[in-house]
Amino acid sequence: MTGSHRAATTTRRGTGGAARDRRSGRTRIRIVLAAAVSLLVLVTAGAGWAYLRLNGNIDTFGADGISDHRPAAASDGQNVLVIGSDARTAGNSELGGGDKNDIGRSDTAFLLHVYADHRHAVAVSIPRDTLLTIPPCKLPDGSWTETRHQAMFNEAYTVGSTAEGNPACTQNTVEKLTGLRVDHTVVVDFKGFSALTEVVGGVEVCVPQDIYQKDLNPGRATRGKRLFTQGVQTVSGQKALDYVRIRHGIGDGSDIGRIQRQQAFVGSLIKKVKSDGLTPTKLLPLADAATTSMTVDPGLGSADKLVSFAMSLKDIDLNDTRFVTVPWRYEGARVAIVEPDAGALWAALKADRTLDGQDAGGGSDADGKGTDASKDTDASKDTDASKSADEEAPAEDISATVRNGTRVTGLAARAAAVLEASGVTVTGTATASSQDHRTTVIEYGPGREAEARTLARLLGTGELRSTTGGGLDVVLGQSYADQAPGTSSGADSATASPAPSEVPAEVAEGARTADEDLCAALSYG
């Protein structure tokens with residue numbers, strides 16, 4: 001072979017090698033891209049699988065048990081009722097003891113109000129022995145109960161005597177008590193609570209004194225072994241459940257004292273979750289644990305709704321997450337609600353006022369912390385025609401008449417007093433042409449829808465109805481009578497008084513924050 005031929009051959013081989021290298025490079029790129037796409041598909045499929053798993057975990061209760069006569073919905077804030085169930089079904093008897101065939105009961109309950117600015121939240125505990133009115137509730141056979149007066153709060157959950165309990169009845173009762181619409185209800189049982197504390201790696205608590213088995217079970221003949229040593233410690237699973245259920249042996253052994261420890265526990269749990277990071281990656285394992293033994297209303301009955309709700313709380317600081325107990329006093333062995341203090345608390349939440357009087361309605365200053373209740377701005381008086389349909393008008397700019405469309409004596413005077421306490425000018429009260437109105441109706445003329453929305457919020461109920469006239473008329477229905485504190489068919493309008501506009505100092509000052517000292521105020525008495 002000549003040199004020139006060898007050279008030519010070499011050249012051809014070199015060109016072919018370069019082509020092969022280019023083909024090989026493209027192949028490698030395709031492999032890398034295919035691997036990346038495959039990985040993305042796997043990750044996406046994994047997330048999808050996780051959501052499917054969560055959706056499979058979630059149980060919902062029937063919405064048909066929720067009353068038709070409800071307070072008006074808030075525009076941006078949310079009220080979430082959280083019920084701790086001591087039902088013994090589905091393995092819960094192994095954790096809580098008792099007969100697995102026993103009826104479901106509510107061990108604890110609180111109403112979480114998330115303010116419209118999504119930077120403040122208040123959890124209001126309602127003692128289970130509180131004496132109140134339980135409105136009509138649906139039974140398993142489809143019939144409805146009669147209203148029960150001076151009943152204990154936790155009896156609402158037992159209506160129907162079913163093993164799983166009656167969360168819809170408890171929701172109806174809370175709406176009747178507070179005049180606030182419950183947007184969502186969540187029931188967590190022993191298993192769900194236990195699993196949640198394990199997933200977060202335990203929750204730090206403070207035990208004021210050594211606790212023994214007899215403190216958890218007073219029926220024991222001896223005090224048994226020591227369950228907790230005095231001081232700060234981390235608990236999870238069964239031990240966490242024991243901590244929040246201990247009632248005897250601490251303070252006066254009351255449910256009120258236990259509520260204080262439960263509030264401290266929830267605050268510590270929130271602190272732990274936020275310190276770990278409120279991201280979907282962190283939330284999915286938490287949601288998986290919680291939903292295993294969780295029952296929710298239909299509005300929260302999917303994984304994306306639950307995670308979305310949890311993510312909406314991420315901007316609430318620990319110091320702006322507060323816990324209070326509804327104003328109470330002892331009435332024999334039971335608990336009575338103190339008025340007008342409780343009414344002032346519900347009115348503040350309805351108006352999105354924090355316990356210390358801040359406006360947390362979402363339209364406040366740039367840092368989202370709200371403005372002082374006593375301050376006013378020119379912006380609040382804006383009457384520009386470009387207002388959105390959901391916007392409200394300042395109460396002090398509103399003039400309206402109030403008519404009683406029911407047979408409840410003094411109802412118009414009471415509603416007028418509530419409106420006037422908020423700054424509304426009531427130009428007159430009267431009896432409506434008929435007294436069979438089930439729903440409160442607010443009739444408004446052209447350009448006055450924003451004012452009507454404000455009235456509906458202040459009253460806690462109201463169907464808006466436009467008219468051709470220029471006035472603003474409130475026709476009260478049974479929906480308002482059912483929720484108005486202190487109203488009855490024999491009420492005297494002369495004794496009707498407006499709901500207080502400020503939360504009493506002792507209620508505000510007694511609030512606990514989520515970053516409170518763990519060992520502070522852990523018992524009553």
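Given the structure is predicted, the values throughout are model-derived calculations rather than measurements.
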Problem set entry | Distance-only donor-acceptor check, side chains Thr185 and Gln171, under 3.5 Å | yes
Seminar exercise, completed: Of Glu155, Glu331, Met152, the one forming a side chain to side chain contact (heavy atoms under 4.5 Å, CB included) with Asp129 is Met152
Problem set entry | N-O pairing of Arg245 and Asp242 below 4.0 Å | no
For this session: Taking Glu164 for its side chain and Thr162 for its backbone only, find out whether a donor-acceptor pair lies under 3.5 Å.
Result: no
Exercise. Are there more than 12 heavy atoms of other residues, nucleotides or ligands under 6.0 Å from atom CD of Glu506?
Worked result: yes
Exercise. Backbone N or O of Glu204 within a donor-acceptor pair of the Lys271 side chain at under 3.5 Å?
Worked result: no
Exercise. So, Ser479 versus Thr461: side-chain donor-acceptor pair below 3.5 Å or not?
Worked result: yes
Exercise. Between Arg128 and Asp107, is the closest basic N to carboxylate O distance under 4.0 Å?
Worked result: yes
For this session: Test His248 against Asp215 for side-chain hydrogen bond (donor to acceptor under 3.5 Å, both in side chains), laying out the working first.
Result: CA-CA 5 Å; His248 304 278; Asp215 297 321; over 6 Å; no
Exercise. For residues Ser125 and Gln263, is any side-chain donor paired with an opposing acceptor at under 3.5 Å?
Worked result: yes
Exercise. Can you name the residues that form a ring-ring contact (aromatic ring centres under 6.0 Å, His included) with Phe323, not counting sequence neighbours?
Worked result: none
Exercise. Quick check: does any side chain N or O of Arg220 sit under 3.5 Å from a backbone N or O of Thr222, one acting as donor and the other as acceptor?
Worked result: yes
Exercise. Cationic tip of Lys225 within the cone over Tyr212's six-membered ring, i.e. under 6.0 Å and within 45° of the normal?
Worked result: no
Problem set entry | Residue from Arg223, Gln230, Arg226 passing side chain to side chain donor-acceptor pair (under 3.5 Å) with Asp210 | Arg226
Exercise. Does a donor on one side chain and an acceptor on the other come within less than 3.5 Å for His113 and Asn79?
Worked result: yes
Exercise. Are any of the side-chain heavy atoms of Tyr115 and Val122 separated by less than 4.5 Å?
Worked result: yes
Exercise. Ignoring hydrogens and geometry, is there a side-chain-to-backbone donor-acceptor pair from Arg247 to Gly257 under 3.5 Å?
Worked result: no
For this session: For Arg181 and Gly460, indicate whether the former's side chain and the latter's backbone hold a donor-acceptor pair under 3.5 Å.
Result: no
Exercise. Salt bridge check: are Asp317 and Arg119 linked by an N-O gap of less than 4.0 Å?
Worked result: no
